[in-house]
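Note: hydrogens, waters and symmetry copies are ignored here, and every other heavy atom, side chains too, is used. In this text, all values refer to a predicted model and were calculated from it rather than measured experimentally.
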Amino acid sequence: MVEEIALKKLVNGKVVNIENIDLFIKAAEDTAVSRTAVSITSDGIKGKIDSPLLQEYIYLYNIFYKSMPFPLYAIEDDIKYATLGQFISKFGQPTSMWVNHGLYILIDKKSKMAIYFVNNTWSIVYVNEIQDDNTTLDKYENNTGYKDYKWLLDKILNEESTATYYKDMMPKFVDACNNQPMILKWELENILTFGNIPKQTEFRSNRIIDIDNSKEYLIDIYFAGYKETEEKSIVWNFVDDIDTIQKKKIKTYKYDIYEKEIGADGIGVKDNKINKSTLTGALGLFLNLCSIKNNTDSNYFSDFKGIIVGNHMIYIINDTLYHGRKNKTSEHKVVADKVELYGYDRGMIYYTKYKQITKNVKQETLYSYNLTDNVKRLCRIKYIY
């Protein structure tokens, strides 16, 4: 059996262990991608279909599909179509059927014409080859959701209601909702929200905002000459055919910090000039900017943006999030990479990580980072277009 993923979540004010949370994650992802064939199954039933056999398959498929609770109907996995195939085989007795990113049922062996189901849609297709039947549910025993789909098939074959899915498969979740349908509905709609979601903050480039003191800091980095290193290089003199060894020189930089008062909207206060500042923690930012410039062999320093909360200094450079101290020169450590800074709320920094699912769909995962104990927590998973 596949190991189930569980995650603790606050449900109606109670902490509940959500078993197989990955079922809901996959359902959300597959809904965002949303594959379809041609015709809606319910339309196929009502339409004029010459083949009684074809109409029967569409009818059986539609009955089962409408009986599937969330998230089972939303998941695009072979196990779902195998379960549908098993149901149809009990009544329709097709000569050949198989699963391959949807359900295929052979209509005519000679022409290799088949009906293809995906989601709640169907189409007539001509296949290159007739594949072996792979709809036996036990073949998918190691798939996520096996026990859920097996429960579903048994319920429908026994002509029992599938409305008890959450009570049977997620009893603690239902108990936390006090068995109230409206609460259950709301919690299911927000099942991929695991923590507080603050308002997103708009961070300005190349500024560190001190939210407690209503100031913004800017860093001015400038060329300070060359410095010899212990690394040596050979200099060739092609005129005299004599070579000499010299120490390699590198560019060095210095920086100045400036500060300016800002209003509640983040805009500078009228008639307030930019003044030189002594932000001790800016050294860590400067060193990271120099290191990145040298490692990437860039002609420019990377952009940055961030905030200061109390004595904590948090900023992002090239999709890498750093955490240091405002009043110390100690090294600033990496919190996460390939992320975007999202916001701040009550001692928590929020950042997002993106994963490209398809050309048009991305998964956005929001995390919180506790500035006191450095603990990271998953807050939300959603899909954007």
Side chains of [X] and [Y]: does their closest heavy-atom pair fall under 4.5 Å?
{"X": "P69", "Y": "L152", "answer": "yes"}
{"X": "V16", "Y": "D175", "answer": "no"}
{"X": "I208", "Y": "I314", "answer": "no"}
{"X": "I257", "Y": "F286", "answer": "no"}

Name the orientation class of the two ring planes belonging to Y315 and Y322 (parallel below 30°, tilted from 30 to 60°, perpendicular beyond 60°).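 Parallel, since the angle between the ring planes stays under 30°.
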Using the six-membered ring wherever Trp is involved, compare the ring planes of Y104 and W98 and label them parallel, tilted or perpendicular (cut-offs 30° and 60°). parallel
Carboxylate-amine/guanidinium proximity below 4.0 Å for [X] and [Y]:
{"X": "K150", "Y": "D154", "answer": "yes"}
{"X": "R380", "Y": "E364", "answer": "yes"}
{"X": "E19", "Y": "K147", "answer": "yes"}

Answer with yes or no whether the side chains of [Y] and [X] bring together a donor and an acceptor at under 3.5 Å.
{"X": "S302", "Y": "N318", "answer": "yes"}
{"X": "Y255", "Y": "D220", "answer": "no"}
{"X": "D138", "Y": "Y146", "answer": "yes"}

Validation row, ring centre [X] to ring centre [Y] under 6.0 Å:
{"X": "Y61", "Y": "Y57", "value": "no"}
{"X": "F24", "Y": "F70", "value": "yes"}
{"X": "F301", "Y": "Y253", "value": "yes"}

Under 3.5 Å, side chain of [X] to main-chain N/O of [Y], donor-acceptor pair present?
{"X": "N190", "Y": "T193", "answer": "no"}
{"X": "K80", "Y": "Y73", "answer": "yes"}
{"X": "N119", "Y": "T121", "answer": "no"}
{"X": "K293", "Y": "S298", "answer": "yes"}
{"X": "S89", "Y": "Q86", "answer": "yes"}

Side-chain cluster (under 4.5 Å, hydrophobic types only) that M182 belongs to, other residues: none
Quick one: side chain to side chain donor-acceptor pair (under 3.5 Å) partners of [X], sequence neighbours excluded?
{"X": "K185", "value": "E189"}
{"X": "E160", "value": "K155"}
{"X": "K305", "value": "none"}

Nearest 0.5 Å, what's the [atom1]-[atom2] distance between [X] and [Y]?
{"X": "L192", "Y": "C379", "atom1": "CG", "atom2": "SG", "value": "13.0 Å"}
{"X": "K9", "Y": "F194", "atom1": "NZ", "atom2": "CZ", "value": "6.0 Å"}
{"X": "I211", "Y": "Y344", "atom1": "CD1", "atom2": "OH", "value": "5.0 Å"}

Is K376 close enough and on-axis enough to Y367, meaning under 6.0 Å and within 45°, for cation-pi? no
Kindly write out the residues that satisfy side-chain contact (heavy atoms from CB on, under 4.5 Å) with N196, not counting sequence neighbours, or none if the list is empty. P198, D345, R346, Y350
Would you list the pairs meeting ring pair (Phe, Tyr, Trp, His ring centres under 6.0 Å) in which at least one residue belongs to residues 157-179, sequence neighbours left out?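 Those involving residues 157-179 are W151-Y165.
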